[in-house]
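When reading the values below, keep in mind they use all heavy atoms of this one structure, side chains included, and skip hydrogens, waters and symmetry mates.
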Amino acid sequence: MRKRRYHRRHALHVAPSPWKRRLWVILALVIVGVGILGMLLWNSWGRIEEEPSYRSEHAIQRVTLTSGVDFSHERRISWRCGDSVCSAEVLVSRIGERGDTLRPKRLQPTHEVVTTSGGQAVYYRVQLDSLQPGVRYVYRLRVAGAKDYRGAFVLPDEERRTSFFYLGDLRDNPTELTRRLFDYLRSSPLPSDFYALSGGILSGQTDRAWQDFYHSLDGVSSSVPMILAPGLGEAQRSGWSHILDGRWRAQLGYPMNGSESLSLAHYYIDFPLFRLVILDTTDLLGLGAINSTRSWLSSVLHEAKQPWRIVLCHHAVDRVEEGKKNLIMHYFIKDELIEAGADLVLQGNDHSYARGALRSRQGDTIPPLFVVSSASVRHHRNSFNPCYDRLGSGLLLYQHITVEPDKLTYASYRFPKDRTESLEKCRYDSVVLRRAVGDSVRLEDLAHTWPERFAYDAFSHDSRGRKKAAQYAKEVRDRASHRASKK
């Protein structure tokens, strides 16, 4: 009888072992899970959201006064009008010593058509050069088919002193609230030559968000220079990167003196006593962008001839919000700010308040003075980062800075609950930077004995939330006891 032969290929048709089946099932689940996660991330991060449709009215709107590179002698005026290019001109007149209006100078503005997913608008811009300090100027904007717009501004005449207001995030504020904040600052007894904002001004990259912002300004931007750094509210997430809203450059008309190798909106403005450097930190992700930003920041700070150097940016080098850390700002940008000689760094994003500085080997407090602030009703739980000397939470704050040849005075104020609260009662923080012989700078903390305020209370009402609230209250008490022991 012939024996049956078995081929090797028949031996492969044995049932797989149970552990191999489990391995294939686990691998399949992992692949499906990664795919679902990728789709979710793309839908939340990678997909550029469609903007609701809009139409730009053929009227002169959103008039914005900004500075050129030379704050003492240059201004830029930007505005929006319609969705198609029309002939336009600007008439600028100087007010004489006797109050008479001198012969106007006629200028031709440039224009830029900005198209977004929701519509199209035309933005106009004019550069005013060789202006005289201490002089009042009036201007008239003209666009064919639209009603003329009239405005005025005054150039500061004090080259030995410059003052300005700083505001952190305004995002998530009701429009009318932000309008009341600017109304309060406009009537403040504190002098101010311009406004500095660290971004977070928009609720989204839409025409409606821009409209709400300018409504809240209530015309102040047409007479007082606005100097802004972009924040996350002004940038659209695309994958792992951010794209700055196309209306940002067209609407604000800031100087184009940033790094030529970057699309980021870095720029600087020179004042008689300080150089103000504005950093766009919305898309510092790639190694090339980080290195180029570090190189540009170092050069513009080192090249400054003025006695003071101030930096304005959205993201903090040391996060104040509990459990958060910006690795790029902390490990790449902070060292550059210190090495290049920044004196004051104004930051936002964290919706809390913090102020801190460095310590010398002798224990002296030295610059830079790092400040994180917010003017938003959205509050975050603050950490108790030891690098900060003063903290606060649940507060709506603004800062007033005055720069003199040998002194920089910094003060933080609460917006008052009503008009009966005095300016002194609303003062929350105060520091003076003094420049001594040999160009060294020392900090005087005038608020080191003042009580801190921690009004954050957005804890959930479940057991976990109550536990977090109790832990937060304990940390506040421990910090207060530690500060009291050091007085």
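A salt bridge links Arg319 and Asp350; the closest N-O separation between the charged side-chain nitrogens and carboxylate oxygens is under 4.0 Å. With respect to Asp343 and Arg435, a salt bridge is recorded, a charged nitrogen being found less than 4.0 Å from a carboxylate O. Electrostatic pairing of Arg180 and Asp183 does not count as a salt bridge here, judged by no charged N lying under 4.0 Å from a carboxylate O. Between Arg355 and Asp429, at least one side-chain nitrogen of the basic residue sits less than 4.0 Å from a carboxylate oxygen of the acidic one, meeting the salt-bridge criterion. One finds a salt bridge joining Arg80 and Asp207 here, because a Lys/Arg side-chain nitrogen approaches an Asp/Glu carboxylate oxygen to under 4.0 Å. A salt bridge does not link Asp318 to Lys324: none of the charged side-chain nitrogens sits closer than 4.0 Å to a carboxylate oxygen. Arg160 and Glu404 are not joined by a salt bridge, as no carboxylate oxygen comes within less than 4.0 angstrom of a charged side-chain nitrogen.
Using cut-offs of 30° and 60° on the angle between ring planes, the pair Phe213 and Trp210 is perpendicular. In this structure, Tyr353 and Tyr428 have perpendicular ring planes: the angle between them is above 60°, well past the 30° mark.
For Ser430, the side chain to side chain contact (heavy atoms under 4.5 Å, CB included) partners at least two apart in sequence or on another chain are Arg427, Leu446, Trp450. In this structure Ser352 satisfies the side chain to side chain contact (heavy atoms under 4.5 Å, CB included) test together with Val320, His380, Asn382, sequence neighbours excluded. Residues passing the salt bridge (charged side-chain N to carboxylate O under 4.0 Å, His left out) test with Lys105: none are found, sequence neighbours excluded. Qualifying side chain to side chain contact (heavy atoms under 4.5 Å, CB included) partners for Thr101, counting only residues two or more places apart in sequence or in other chains: Ser93, Ile95, Val138. For His400, the ring-ring contact (aromatic ring centres under 6.0 Å, His included) partners two or more places apart in sequence, or in a different chain, are Phe165.
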Without placing hydrogens or testing angles, list every side-chain donor-acceptor pair under 3.5 Å for residues 147-156, not counting sequence neighbours.
from, atom 1, to, atom 2, distance (Å)
Asp148, OD2, Arg142, NE, 3.1
Tyr149, OH, Ser222, OG, 3.3

Test ring pair (Phe, Tyr, Trp, His ring centres under 6.0 Å) applied to Phe194 and Phe71, step by step:
CA-CA 10 Å; Phe194 66 95; Phe71 185 83; 5.6 Å; yes

Practice item. In sequence, state the C-alpha distance, the side-chain angles, and the governing distance for Arg171 and Asp169, and then conclude on salt bridge (Lys or Arg N to Asp or Glu O under 4.0 Å). Key: CA-CA 6 Å; Arg171 192 178 181 185; Asp169 287 55; over 6 Å; no

Exercise. Go through the steps for Arg359 and Ile366 under the test side-chain contact (heavy atoms from CB on, under 4.5 Å), then give the verdict.
Key: CA-CA 6 Å; Arg359 297 289 189 276; Ile366 58 175; over 6 Å; no

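Both the sub-6.0 Å distance and the 45° axial angle are not jointly satisfied by Arg94 relative to the ring of Tyr137.
Residues Tyr195 and Tyr166 keep their aromatic ring centres 6.0 Å or farther apart.
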